[in-house]
Every structure is written in C-alpha cells, then in structure tokens.
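Structure incoming, see below.
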Amino acid sequence: MMEEKQAYKDSQLYRIRHSTAHIMAESVLEKFPDAKFAIGPAIEDGFYYDFDLPRALTPDDLAEIEKRMRGLIQSHETFERKEISPEEAKEVFKDQPYKLELIEGLEHGGLDEDGNPTDEPVPLSLYSSGAFTDLCAGPHVENSKEINPQAIKLLNIAGAYWRGDEKRPMLQRIYGTAFESKADLDDYLWKIEEAKKRDHRKLGKELDLFSTNDEVGAGLVLWHPNGAMIRHLVERYWDDEHLANGYDFVYTPHIGKSSLWETSGHLQTYSENMYAPIEIEGQAYYIKPMNCPFHIHVYKSGLRSYRDLPIRLAEKGTVYRYERSGVMHGLLRVRGFTQDDAHHFCREDQMSAEVDFVLDFSMKMLQAFGFKKIQAYLSTMPEKRVGEEDRWHAAEAALEETLKRMQVPYEVDQGGGAFYGPKIDLKVQDALGREWQLSTIQFDFNLPERFDLSYIGEDGQPHRPYMVHRALLGSLERFFGVLIEHYGGAFPVWLAPRQVELIPIAERHNDFAWQVAAQLKKAGLRVKVNDSSDRMNAKIRDAQNQKVPYMLVIGDREVEEGAVALRRRSGESLPAMGVDAFIALAQKEVAERL
RNA sequence: GCCGGCGUAGCUCAAUGGUAGAGCAACCGCCUUGUAAGUGGUAGGUUAUGGGUUCGAUUCCCAUCGUCGGCUCCA
C-alpha cells in the first residue's frame, strides 16, 4: 500500500493531475482576478484547488471553467520550474495571504504544502504555466500537451477550511479529475454512476429497507420489515457463532448514573458526544454512548479467579452519541446505533491465544457475509497515553504476531493508537473495490485501572486482567449500509428478506400457487404469492426490481404436472421442476450462503 | 458546527408573485395473460415548519428542521 502511494506520486498520472489543478487555478484567476488561492494538490482520484473567492461558485461557473481549461491545455503551455529564496517568494505572492503563510511555514520548517510537518527549511520553487505562477514543489508535466483535454472533468464544489482548521476561513474547493485517456475517464465516471446506483440510501428506499424521518430526528433509523428481516438474519447468525465460540451474552441498561460515567472517565473526555443528562430524584442519568462500563460491572459483580478467565461478554448494545449535524450520512454515520460489542478479560499468559482467537473469529464473520478481501491496520502506542509501557508493548506484540501468523495483510500506524491502548482495525473491500472499516479490536489499559478490575491468581494475590474491546460488524446500522452497497441490494439467498416470489399466470393458477407457498414456508423459505391481476410480465418485472432471488412461474403446465418453473434474478430460466426439487435447490443455496 | 445546494402527492419529477400538474405506486373495474410495465376510471398536496414583506406567497426575505456535496470530527 505504501509502495503503491509512492508509485502514484512518481507517476505521469500524478503529474497530469497536479498540472491540471494549476490549469484550473489559471482559469479561475482569469475569471476572478482578485481570487486568493490556497493549495491545489493531486489526490487519490483526481485533484482539487482551494480558493477564496468574492462569491459562491455555481455549477454553471464550473462548466465555464472546465471549458476554458480545455482551451488553455490546447494552447500548449509549458511548465517552468524556478528555485527562489523566501524573500523573492514573498515578493511574488505579496497579494496572496495564504501563500505567504505557506512560505512562512516552509521557511521555518513548519508545514509543507500537504500540511505535513517538516524538520528543515525546504527549498522553495515556483512553477509557471501560462499566466499562472504557483508556489509548488512539483513535479509537473513539461507541457500541457501531455494533458488530454478530453480526459479532464470538474466534479463538484465544496467548502473546506483553510488548513483543515474550523477556526480558519472557509474556502471554496473545486474537485476535479484527469486521466491519461478519455476511456480511463469514462471508466471512472462509470464507477461513480455505479456507486450511485448502489447507494444504500437509494436502495433503502427502493427496497423498503429503512428510513429516517424529520419528526423522529436526524441520525435515528427506522428499520422497516424488509431491513429488519435482514438484521434479524444477521443477528441470528451472529448469536449462533458467538454461542459456539465461548461468549456469554449479557443485557445492560440504556442509561446509567453520572457517577458511572465519572468513574469510566467518559464525562471528562467524551461528554461532547454524550446526550444531556436526565435529572430524576436529584440524580443525573446519562444515555449510554458505550457499553463498556456496564460489561465491566458484570465482570466486577463477583470475585474472579484465574481459572474463570478468559471471560467473553457479548451484547448487541444500542448506544447514542451526539454527532454534529453535518456529519450524518445514511446508515454509515448515525446518532443511535447498535454495536455488536464484546469485552474480553484475560490473563497475560492467555493474551496471545485470545488475540489469535478474536482476529480469526472476526475474519470468519466478515467472510461469511461475502467480504473476501480484508486489510488490517495496526495502531501502536501514542505519545499521550495511560497504562504501563511494558503492558503496551506486550499487547502490541500480541497483535502484530497474530497478524503475521495469520498472514493478514496489514499496515502499521505508528503512534496511532487510542490513549488507552493499541488496536487492530479491519477494513473490508466491497464489490466496487471501496474500503470500509468494520471491525475493531482494542486493548484497554484505562478502564481496568479506573474500575480497579482484578482476578485472584494462582498465588492467591489479586492481579489486573487484560481487557479487549471488540466489535466485529462495527455497528449493525453501518454494517447494513455496507452490506447493501456491497451486494447492490441483491442480497444472497440466505439474507434476502423475500427469497421466493410465486407468479401465477392467471387467476386459475392462484390456488396451486398458494399450495406451493405453504410447502415452501414449511421448508423455512420466505415466500410471497403475487396473486394480483397484473400480467405475468409485470409480476416478473416487479420481483426483478425487488431483487428477489427466485421467481417461480406457475401456469397450466405447472399445475398439471405439480411443478414450478424457476427464473433466477440473473435472468436465467430453468425447465419446470418438482416442488421438492426446488426446495432442495433453495436449501442448498441458503446453506452455502450464495 | 462550518461553506454551498436542495425540500412540491407514497416514489421520481414539472410549474408559477394570483391558492399546483405528470408518470409510477394506491384504490375500483375490465382483461386471464408463458419470462422485465395490458387497459379504463377514482382518489391523493395548508408546496418541510414558523415568522416577515405583499392586496395576494407555494414562489421573495429571515429563522428552524431535514437532506445532499464537502470540511471538521470519528473513544
């Protein structure tokens, strides 16, 4: 991954994108001579440039700028590099406050153009192309004729804080992209279109899976019967697997007294994300943003022996967190959600086996839902932290050794751990190659201290257990959103809310259809009979749009033979088969989770 | 929270400073059908909410709520 990023930075595509950003800035400056410009790097799928402009941009502006860019590209501008001193640079950019700030930073080895800290003063360079000169380290193309004017596209306008700091001015950011060929651009735009078709918010409506509602409140999800059926199936599988793997289930309340959250430290460090307290009988109660303190109290409810460990307490715990109004996004970022949470308590000598177990278990769980490509991220000890250093190192070693042993591809984020412990996050890749973080496995050196957790060791003395938080699916809401997009709404048979749609051709076939439906239901299949007076074609279209995996057409032939004619949602039609044969086929595919 | 856009029937969308229209869906019929939309009719809206400007606001202005694209945040 790291190598890939470096390779991209060295590539011609990167130079094309970065240079296209400059061309864009040139055309924006032509249109708004007083524009102040900030930074304009190439990014993963394109580029952007931030401007401080006298008025808000409109989509029409974008079209106009894009058109002008093509003209500039075709005028074959050369990109010329020049090294200069900070003093010269300040003179060149005397009317550009953002550039002056960058120069200051570079001069003193503060931050570079990407906002990364640099230790030493960086040599300054200018790149000039056409009428535009920018403070820029490059690299660029030599001439704009290397840019294909048919392979550029401006995508959208958005607000962005100067240097990502919400206390600084809000600038206007134009996102765009560029490719080497028109075909590559078209592929990319196709992928964006495809992603729109799979958008879980759109599919959630079309397939009647879930909704949110003004009156209920933002970020609070209503699961409709279809979505709730899928959730039920996910939960049922999750329950079975947990029970088979040494977990104990617990149920805990949704609110707890303020003293609980003081002990846990959440009131001191997490209150910004917590809902306001509920006062009753002179006590303040808080809605839980996390399940941990409750699980810890289950642990603490009795004296624990080293023989009792490991203890694995699991709960699909619903939590509420205040999220700022602008950050909610469908099911992926909400205010009320259910974590598939568990806390492991173990001895030091069990830690390695426990980490092995939980990583293996996570991977199997994710794979069961069709996510085959999984990438791990290991985050280690940060500067600001609690807990003894040797415990940190022991935990990090256990995590990393497990990743190696299980040959899971991983990246290390040095110093990226939470203040309370190191962690592994797992990201899955979906059908379009997008990454989504689902699982997290985190050590905690904070709460066991705060709640004074202990177990009695072989030596008769109390010892502090190691504690691990983990969520495998993350939250059921987020997981559902990712699942919808991964399958594009065409859920595998075992998860499809409706597995079979029976399609009688004429009214006289309805009775037989109902008989078949009864048989299928008995066999555990989820079935609907479409006995409306619609034409068969319309019924097929409807079932197809609802992405029902099996459509069973029933006409005179089928009634006579006691058979059904299977059409799959792939469009494949099979010759008529007996009802038992269909049940066997469906049950096999359900068992295989196809 | 911030910048910008948007909010009209269940859904997808149209229209206008003089109290709104289509397609699909729904409902009632007719048709009885062989692998992606048969057909006629009926009903459905305080144009998100609250305030303001105006003789008159759904349209213009303000606020609130929701939502979209980003930023920021993501213990």
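Per chain, numbering begins at 1; letters A, B, ... match sequence-line order.
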A:Arg535 side-chain N/O to B:C30 phosphate OP1/OP2 under 4.0 Å: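 For B:C30, OP1/OP2 do not have a side-chain N/O of A:Arg535 under 4.0 Å.
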N/O donor-acceptor pair under 3.5 Å between A:Thr380 side chain and A:Gly415 backbone: yes
If you only use heavy atoms from C-beta on, which nucleotide in B:U72, B:U67, B:G34 is closest to the side chain of A:Ile505?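 My answer, after comparing the listed nucleotides, is B:G34.
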If you measure from the P atom in B:U59 to the same atom in B:G50, how many Å do you get, rounded? 12 Å
Mind checking the CZ-CZ spacing from A:Phe210 to A:Phe480? Nearest 0.5 Å is all I need. 7.0 Å
Salt bridge check, A:Arg557 against A:Glu560: does any charged N sit closer than 4.0 Å to a carboxylate O?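 Not counted as a salt bridge, because no side-chain N and carboxylate O are separated by less than 4.0 Å.
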As a test of reading the structure: which of B:A36, B:C3, B:C30 is closest to the side chain of A:Gln544, going by heavy atoms?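 So the nucleotide nearest the side chain must be B:A36.
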For the base of B:A36, is there a side-chain donor-acceptor partner from A:Arg567 under 3.5 Å away? yes
If we take the C1' atom in both B:U58 and B:A48, what is their distance in whole Å?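 Between the two C1' atoms, the distance is 12 Å.
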Once hydrogens and angles are ignored, does a donor-acceptor distance under 3.5 Å link the base of B:G1 to the side chain of A:Tyr161?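 In this structure, the two groups form a donor-acceptor pair.
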A:Ser573 side-chain N/O to B:U35 phosphate OP1/OP2 under 4.0 Å: no
Remember a base hit wins even if backbone is also touched, and classify A:Lys539 as base, sugar-phosphate or nothing at under 4.0 Å, heavy atoms.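 Answer is nothing: A:Lys539 stays at 4.0 Å or more from every strand.
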Let's see if you can work this out: which of B:U35, B:G38, B:G69 has an atom nearest to the side-chain heavy atoms of A:Val553? B:U35
A:Arg168 CZ - B:G70 P separation (whole Å):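 Taking atom P of B:G70 as the reference, CZ of A:Arg168 is at 24 Å.
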Checking A:Arg470, A:His469, A:Arg312, A:Glu315 against A:His343 for side chain to side chain donor-acceptor pair (under 3.5 Å), the one that qualifies is A:His469
On a whole-Å scale, what distance lies between the C1' atoms belonging to B:A43 and B:C61? 37 Å
Give me the distance, rounded to whole Å, that separates B:A22 from B:U16 when you measure between the C1' atoms they each carry. 16 Å
For B:A15 and B:G45, measure between their P atoms and round to the nearest Å.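 Rounded to whole Å, the distance is 22 Å.
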In whole Å, what separates the C1' atom of B:U12 from that of B:G51? 32 Å
Regarding B:G34, can its base be found pairing with the side chain of A:Glu558 as donor and acceptor, where the two atoms are less than 3.5 Å apart? yes
Can a side chain N or O of A:Lys167 be found less than 4.0 Å away from OP1 or OP2 on B:G1? no
Which one of A:Arg450, A:Gln442, A:Glu449, A:Arg385 satisfies the side chain to side chain donor-acceptor pair (under 3.5 Å) criterion with A:Tyr420? A:Gln442
Does A:Tyr299 have its ring centroid less than 6.0 Å away from the ring centroid of A:Phe451?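 Ring centroids of A:Tyr299 and A:Phe451 are no less than 6.0 Å from each other.
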Polar atom pairs (N or O), protein with nucleotides 45-51 of chain B, under 3.5 Å:
none

Please determine whether a side-chain nitrogen of the Lys or Arg among A:Asp556 and A:Arg508 lies less than 4.0 Å from a carboxylate oxygen of the Asp or Glu.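 Yes, A:Asp556 and A:Arg508 are salt-bridged.
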Contact class for A:Thr269 vs. all strands (heavy atom < 4.0 Å): base, sugar-phosphate, or nothing?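 Here A:Thr269 touches the bases of the nucleic acid.
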Hey, which of these two, A:Gln172 or A:Asp556, hits RNA chain B nearer its 5' end, going by closest nucleotide? A:Gln172
Going by purine N1 to pyrimidine N3 plus the second Watson-Crick contact, or the G-U wobble pair, all under 3.5 Å, which nucleotide sits opposite B:A20? none
Closest-nucleotide 5' rank along RNA chain B - winner of A:Ala538 and A:His509: A:His509
Return the value, rounded to whole Å, for the distance between atom NE2 of A:His200 and atom P of B:C68.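 After rounding, the gap between these two atoms is 8 Å.
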Nearest to the side chain of A:Met170, which nucleotide is it out of B:G66, B:U35, B:G70?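 Comparing B:G66, B:U35, B:G70 against the side chain of A:Met170, the answer is B:G70.
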For A:Met290, which contact category applies under a 4.0 Å heavy-atom criterion: base, sugar-phosphate, or nothing? base
Does A:Asn273 reach a base, just sugar-phosphate, or nothing at all? Heavy atoms under 4.0 Å.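 No contact.
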Just compare B:G70, B:U35, B:G4 and give me whichever is closest to any side-chain atom of A:Ala56. B:G4
Between B:C62 and B:A26, how far is it from one P atom to the other, in whole Å? 42 Å
Would a line drawn from the ring center of A:Phe51 to the ring center of A:Tyr49 be shorter than 6.0 Å?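 Yes; A:Tyr49 has its ring centre under 6.0 Å from that of A:Phe51.
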Complement of B:U39, any strand, by Watson-Crick or G-U distances under 3.5 angstrom: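 Result: B:G29.
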Side chain of A:Ile540, heavy atoms from C-beta onward: which of B:G1, B:A36, B:G69 has the nearest atom to it? B:A36
For A:Asp425, is there an ion pair with A:Lys427 - N to carboxylate O distance below 4.0 angstrom? no
Can you tell me if A:Gln268 has over 12 outside heavy atoms packed within less than 6.0 Å of its CD?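 Yes, CD of A:Gln268 has more than 12 neighbouring heavy atoms, counting only those of other groups under 6.0 Å.
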Has A:Arg568 got a side-chain N or O lying under 4.0 Å from the OP1 or OP2 atom of B:U35? no
Could you state the atom-to-atom distance from CD1 of A:Ile174 to P of B:C71 in whole Å?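 So the CD1-P distance, A:Ile174 to B:C71, works out to 15 Å.
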B:U67 pairs with, by Watson-Crick or G-U criteria that keep both distances under 3.5 Å: B:G5
OP1 or OP2 of B:C71 sitting under 4.0 Å from any side-chain N/O of A:Tyr175? yes
Base of B:C73 paired with side chain of A:Arg321 (donor-acceptor, under 3.5 Å): no
Just to be sure I understand the rule, does A:Gly326 reach a base, reach only the sugar-phosphate, or reach nothing, if contact means heavy atoms closer than 4.0 Å?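 A:Gly326: base contact, heavy atoms under 4.0 Å.
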In whole Å, what separates the P atom of B:C27 from that of B:G69?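 Their P atoms lie roughly 34 Å apart.
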Between A:His329 and B:G70, is there a contact of a side-chain N or O with OP1 or OP2 at under 4.0 Å? no
Among B:U33, B:A37, B:U72, which is the nearest nucleotide to the side chain of A:Arg541?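 Of the candidates, B:A37 comes closest.
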Does A:Arg201 place a side-chain N or O at less than 4.0 Å from the phosphate oxygens OP1/OP2 of B:C68? yes
Which listed nucleotide (B:U72, B:C31, B:U35) is nearest to the side chain of A:Arg324? B:U72
How would you label the contact of A:Ala418 with the nucleic acid (heavy atoms, under 4.0 Å): base, sugar-phosphate, or nothing?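 Result for A:Ala418 = nothing.
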Is the distance between the ring centroids of A:Trp261 and A:Phe294 less than 6.0 Å? yes
Side chain of A:Ala565 only, please: which of B:G34, B:U33, B:C3 is the nearest? B:G34
